[in-house]
Enquirer: 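Could you have a look at this structure, given as structure tokens, before my questions?
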Amino acid sequence: MTQSKSIPLAVLGAGSYGTALAIAVARNGYPISLWGHRSEHVAKLARERQNSVFLPGCPFPDSLHLEADLGKVIAQSKDVLVVVPSYAFADVLHQIEPMLAADTRIVWATKGLMPHTGELLSTVAADILGPSRKLAVISGPTFAKELAQGLPTAISVSSADDQWVSDLAELMHSEQSFRVYTNRDMVGVQLGGAIKNVIAISAGMADGLGFGANARTALITRGLREMTRLGVALGAHSDTFMGMAGLGDLVLTCTDNQSRNRRFGIALGQGALIDEAQEQIGQVVEGYRNTQEVYQLACQHHIEMPIVEQVYQVLYQGKSVKNAATALLARAQRDE
Ligand SMILES: NC(=O)C1=CN([C@@H]2O[C@H](COP(=O)(O)OP(=O)(O)OC[C@H]3O[C@@H](n4cnc5c(N)ncnc54)[C@H](OP(=O)(O)O)[C@@H]3O)[C@@H](O)[C@H]2O)C=CC1
Ligand SMILES: O=C(CO)COP(=O)(O)O
């Protein structure tokens, strides 16, 4: 049976960012479906017409439809935007794979790597959905709340398919508030979004210890160097890391307390245990889990990433934040 695809985009993942992106597209006048995996959460969003916990005061435009039935959402929608945490990414793709039409295109805003293997999500998506499926990724400095509030925001969209990039830009771009840049480097755009989370944890740790702007800025600058080194080794273009998905997102997440990764680092720097810090945040902290994968990639490719290494030792080897800071400061003097 052929069903009409009356909705241009379905958003899978009704957390803070999926909801914010759905609001942004709906505000441009496009019908959009937002799917969440817990029906009681979806019912609450539908009843209140806002996400009162994470995006209070950002009412849903009329063209945003809530849906708890995944099959129905996929059947009605031309294309699909996935906005779940990286640990759930493969699971969601496995669920939708049998439901997709041959020409349905996929984009994701998830920032992270495949747990354990450290694969790029584009590799995971191609494995699950097949090599001919058109894929794209969006990334960049975008706190969900500011986007939902309609405050000016810029992102990068990357795909090997120009038409898919152009259609996504059309759906999201708004002359009032949402500027979409295009970028052909899918590897770099994905790595920027994953690695900046680890560096943001380190910046938070420094602030939690009571260090100042000098230390934070040094971590951002050297963190950018680490990100670029690993990215280039994995086939990315170094220029990508000077753009929205690299430097842009790195500065945003290292400097503003809207970042969960930064707040997680601050809590650890102030002496909280890892579980306590995660509980305080109450939302996904991608960098916690992904520190393992980023560190593993650095080791596999023999890339020096001292900040990532210290964050890894704090999170997974019981090192104190103070000793990690001392280890970084005591490194041998070197050329910049
Ligand atoms: N928030 C932001 O500012 C930005 C976030 N991102 C990225 O977007 C992704 C999502 O983050 P964000 O929305 O902020 O996170 P949240 O913690 O706000 O929400 C995560 C959502 O994913 C849902 N979820 C978890 N597991 C599954 C699953 N198996 N199937 C379906 N849904 C699931 C959760 O549902 P439940 O809690 O009900 O289990 C929750 O609604 C992350 O990769 C993040 O890095 C990117 C840019 C900005
Ligand atoms: O990716 C983000 C902003 O671009 C959100 O960062 P956090 O996940 O650290 O909150």
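Keep in mind the model is a prediction, meaning the values are calculated, not measured. Just so you know, ligand 1 is whichever comes first in the structure, and atom 1 is the first atom listed for that ligand.
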Enquirer: If you take the nearest heavy atom of each of P85, S86, G15, A109, which one is closest to atom 22 (O) of ligand 1?
Expert: P85
Enquirer: Only one of M227, E336, M305 passes side-chain contact (heavy atoms from CB on, under 4.5 Å) with R222; say which it is.
Expert: E336
Enquirer: If you measure every N/O of Q283 against every N/O of ligand 1, is any gap under 3.5 Å?
Expert: yes
Enquirer: Which option out of K111, Q95, H37, E286 puts a heavy atom nearest to atom 34 (C) of ligand 1?
Expert: H37
Enquirer: Is the contact between N261 and ligand 2 made by the side chain, the backbone, both, or neither, using heavy atoms and a 4.0 Å cut-off?
Expert: both
Enquirer: How far is atom 10 (C) of ligand 1 from its nearest protein heavy atom, and which residue and atom is that?
Expert: V83 O, 3.8 Å
Enquirer: Run the contact test for G140 against ligand 2 with a 4.0 Å cut-off on heavy atoms, strictly below, and give the result.
Expert: yes
Enquirer: Going by heavy atoms in the side chains, are S6 and P31 under 4.5 Å from each other?
Expert: no
Enquirer: Regarding S86 and E286, do their side chains bring together a donor and an acceptor under 3.5 Å, going by distance alone?
Expert: yes
Enquirer: Does G36 come within less than 4.0 angstrom of ligand 1, counting non-hydrogen atoms of the residue?
Expert: no
Enquirer: Which option wins on minimum heavy-atom distance to atom 9 (O) of ligand 2: S259, G204, C254, G265?
Expert: S259
Enquirer: Determine whether the side chain, the backbone, both or neither of L252 has a heavy atom under 4.0 Å from any heavy atom of ligand 2.
Expert: side chain
Enquirer: With under 30° as parallel and over 60° as perpendicular, where do the rings of Y295 and Y312 fit, or are they tilted in between?
Expert: parallel
Enquirer: Out of V284, I155, T142, V285, whose heavy atom sits nearest atom 15 (O) of ligand 1?
Expert: V284
Enquirer: Checking a contact table here: which protein heavy atom is nearest atom 10 (O) of ligand 2, and how many Å away?
Expert: R260 NE, 2.5 Å
Enquirer: Answer yes or no for K111: is there a heavy-atom contact with ligand 2 below 4.0 Å?
Expert: yes
Enquirer: Using a plain distance cutoff, I'd like to know if T110 has any nitrogen or oxygen under 3.5 Å from a nitrogen or oxygen of ligand 1.
Expert: no
Enquirer: Does even one non-hydrogen atom of Q258 get within less than 4.0 Å of ligand 1?
Expert: no
Enquirer: Mind checking whether Y17 and F54 have ring centres under 6.0 Å apart?
Expert: no
Enquirer: Does some non-hydrogen atom of G13 fall short of 4.0 Å from ligand 1?
Expert: no
Enquirer: When you measure from the heavy atoms of K196 to every atom of ligand 2, does any distance fall below 4.0 Å?
Expert: yes
Enquirer: Are any of the N/O atoms on R38, whether in the backbone or the side chain, positioned under 3.5 angstrom from an N/O atom of ligand 1?
Expert: yes
